[in-house]
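One structure is given here, and the rest of the page talks about it.
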Amino acid sequence: MMDHPVTEQKSLRVETDGEVGLIALDNQPVNALGQAVRQGLLDAVAELNANDAVKVIAIYGEGKMLSGGADIREFGKTPQPPGLPDVLNGIEGSAKPVVAVIHGVAFGGGLELALSAHARVGLPGARVGLPEVTLGLLPGAGGTQRLPRLIPLDSAIEIITSGRHVPVAEAVELGLVDWLAEGTPREAAIKAARDVLSGALPTRRTGEISIKPDEAVLNAAREKLAKKRPALAAPLKCVDAIAASGLPIAEGLKAERRLFLELMDSPDRQGLIHAFQAERMVKHIPESAAQPRPVESAGVIGGGTMGVGIATALLQAGIPVTLIEMDPNHAKTAHERIVKNLDGGVKRGKMSAETRDQRVAMLTAETGLEHLSQVDVVIEAVFEDMKVKTGIFRDLDRICKPGAVLGTNTSYLDVNEIAAATSRPQDVIGLHFFSPAHIMRLLEVVVADKTAPDVVATAFAMAGKMKKVAVRSGVCDGFIGNRILAHYRMVADYMLLDGASFEQIDRALEDFGFAMGPFAVGDLAGLDIGWATRKRKAPTRPAEERYVRIADRICEQGWFGRKTGRGYYLYDDPKSRTPNPDAVAIVDAERAAEGISSRTFSDDEIVARYMTAMISEAARVVEEGIAHRPVDVDAVFLFGYGFPRHLGGPLNYADRIGAAALVERIEGYAKEDPHYWQVPKLLRELAQSGRSFADLNKE
Ligand code: 3H9
């Protein structure tokens, strides 16, 4: 049968195939339901209903998926009609039956589109979901009304409040998708439409199904969600919207719309969408045009925690690894630890046992750098000592094949100096992983003065394979993350010395949204790490800098936190933390020695000082070009430092406060300590011009 194109526009295509009217979404890459697609859908359904030859309509997507949902770039702007709920009501109300084909993904508005059709088929490998809650929203185009009409209430609540991606097989089992189809999306669309015509595929309007949501189930969900920290508005409002699904569909949709618009106006929504976009924006780097070098094998030097984690992450990405240790015993232990990590992946359902076996076969642990002569990438992960590292790089220069990428997993050392130890500084790059490296998503890619663009592109391509969020950083002590951390961490110590307790500081910041406060984090990471850094920096510490000795005093007792059973807190019971009375006594003694009479801090003041310190150093990092854009700093903190996602990162949060108010705060604090509290030039410029960090992201 010949195709008869009816309408063609960039975002959507309409054609007929005998009695079948086909609507193909074509707004790639994700077929987002922007204004042109919405208008196109509405017009197409009307046009095909008016075409007497057409008896049934099938909707499918071109490219990789049916649809990733509403176009989130439209959020926060003046809405352009027609609204998605009206378009989907138009589809559900179509006199001719409509069937939707789900391939790739149908997320958010994309799934709501499928729910408004009268039947749904899915192609193998597809996933469906309503991830709006992860963006601080609720499904606002009928998802909260139609999903509970099709599947059990508890499943609908779980899917909507978690935003989880549901595999198509599970969706079929739940009754969300009618059955699994085969072929290309277009073939599946024609076949499904014919099945509708023959009666094999039954159709019904989801909105006409009537249900009575069980109050007890709704209340149990509310109770559970209210306990989550931080308690965000969106999940609870999702349940409120689902509760309205017992009403006639038109009324339920009205309730859903009202709740959706309330969330659309919330700062959490802005922060969460910024976090979503940050993950993608950091990929846009000046070196994007360079062709990455092939990475088919890697070497990892060092079988400590970092080396083992990095090797695991490479293997998880399917990259064969040669790990180098000092002697056969260490090599054997590292091998065992990596295998244990991979086993963990199988236990957590992240990897099949078969894949695990394949990955183990891709691992060799050896002694001697000579084994790295043919690898495409080397990642050195030995301890932080410039002499040791430059020695290794001198050897690598001699041993590695031309064109091999030479990476160093340093967390603060000068990558230029390491590169200068070789005759090929263009191939040297910093690859700063975060521990545990096979779990933490952040990778700081540290670009030294002579690093070649294609080496940077290779690091980003490799990070992509490893499902890491790579962020480009320039060279400075601590790069983006640890440099900012070193600065704001000091303010927590200043508040401690001046009268706040470490317990109050931790709690205030945890209530604000951090998973753990700075003192609890210190105990977890090991207080000896910060101690070593302070000793290293001591010779260059400016005389005017206020220095708090509390942490040093605690370390001098041999108390390094959790691993020694005590630090700021006691860990007799590994699950709980109680303040260590001896640490409290050290705090008191230090206050007395400094002649400080303690003052009280409100929780709000603690948060304000801590966040202002973080924002100040973050602004300097952007001002100096260490981070290219504010969003790069945001991504580092979101994916490496447990920054509360709904606040969108330190500089996104800074825009909530505003540059002028921040300058005013800093000038106020500077009256106590003019050395620590200085207004960054960039922040002052923004305050004067009335611009924001978000404006800089657009430049
Ligand atoms: C919603 O639907 C609300 C409704 O309930 C109610 C409305 C009234 N819009 O991730 P990728 C961009 S809320 C605009 O790298 P992948 C993305 O930024 C929405 N743009 O590809 C990137 O841009 P760039 C609910 C979007 O193949 C490019 O597309 N939906 C959208 O790895 C490629 O993205 C969601 O929350 C969008 N909705 O993964 C789903 N989505 O190239 C969010 C992506 O310039 N999206 N972009 O950097 C996803 O989960 C993934 O993007 C998806 C594709 C799985 C679809």
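Whatever order the structure lists ligands and atoms in, that order sets their numbers, starting from 1.
- Under the salt bridge (charged side-chain N to carboxylate O under 4.0 Å, His left out) criterion, the residue pairs touching residues 630-641 are Arg629-Asp632, with sequence neighbours excluded.
- Residue pairs meeting the side chain to side chain donor-acceptor pair (under 3.5 Å) criterion with at least one member in residues 87-110, sequence neighbours excluded: Asn49-Ser94, Asn89-Arg146, Glu92-Arg146.
- Note on residues 114-137: pairs passing side chain to side chain donor-acceptor pair (under 3.5 Å), not counting sequence neighbours, are Arg127-His165.
- If you look at Phe514 and Tyr641, their ring centroids are not closer than 6.0 Å.
- Between Ser245 and Arg149 there is a side-chain heavy-atom pair separated by less than 4.5 Å.
- Aromatic pair His274/Phe276: centroids not less than 6.0 angstrom apart.
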Give every pair formed by an N or O atom of ligand 1 and a protein N or O atom closer than 3.5 Å, one pair per line with both atom names and the distance to 0.1 Å, or write none.
from	atom 1	to	atom 2	distance (Å)
ligand 1	2 (O)	Ala70	N	2.9
ligand 1	2 (O)	Gly109	N	2.8
ligand 1	5 (O)	Glu112	OE1	2.7
ligand 1	5 (O)	Glu132	OE2	2.5
ligand 1	5 (O)	Gly140	N	3.1
ligand 1	9 (N)	Ala70	O	3.4
ligand 1	9 (N)	Ile72	N	3.0
ligand 1	10 (O)	Arg280	NE	2.7
ligand 1	10 (O)	Arg280	NH2	3.2
ligand 1	27 (O)	Lys64	NZ	3.0
ligand 1	30 (N)	Gly68	O	2.8
ligand 1	38 (N)	Ala70	O	2.9
ligand 1	48 (O)	His284	NE2	3.2

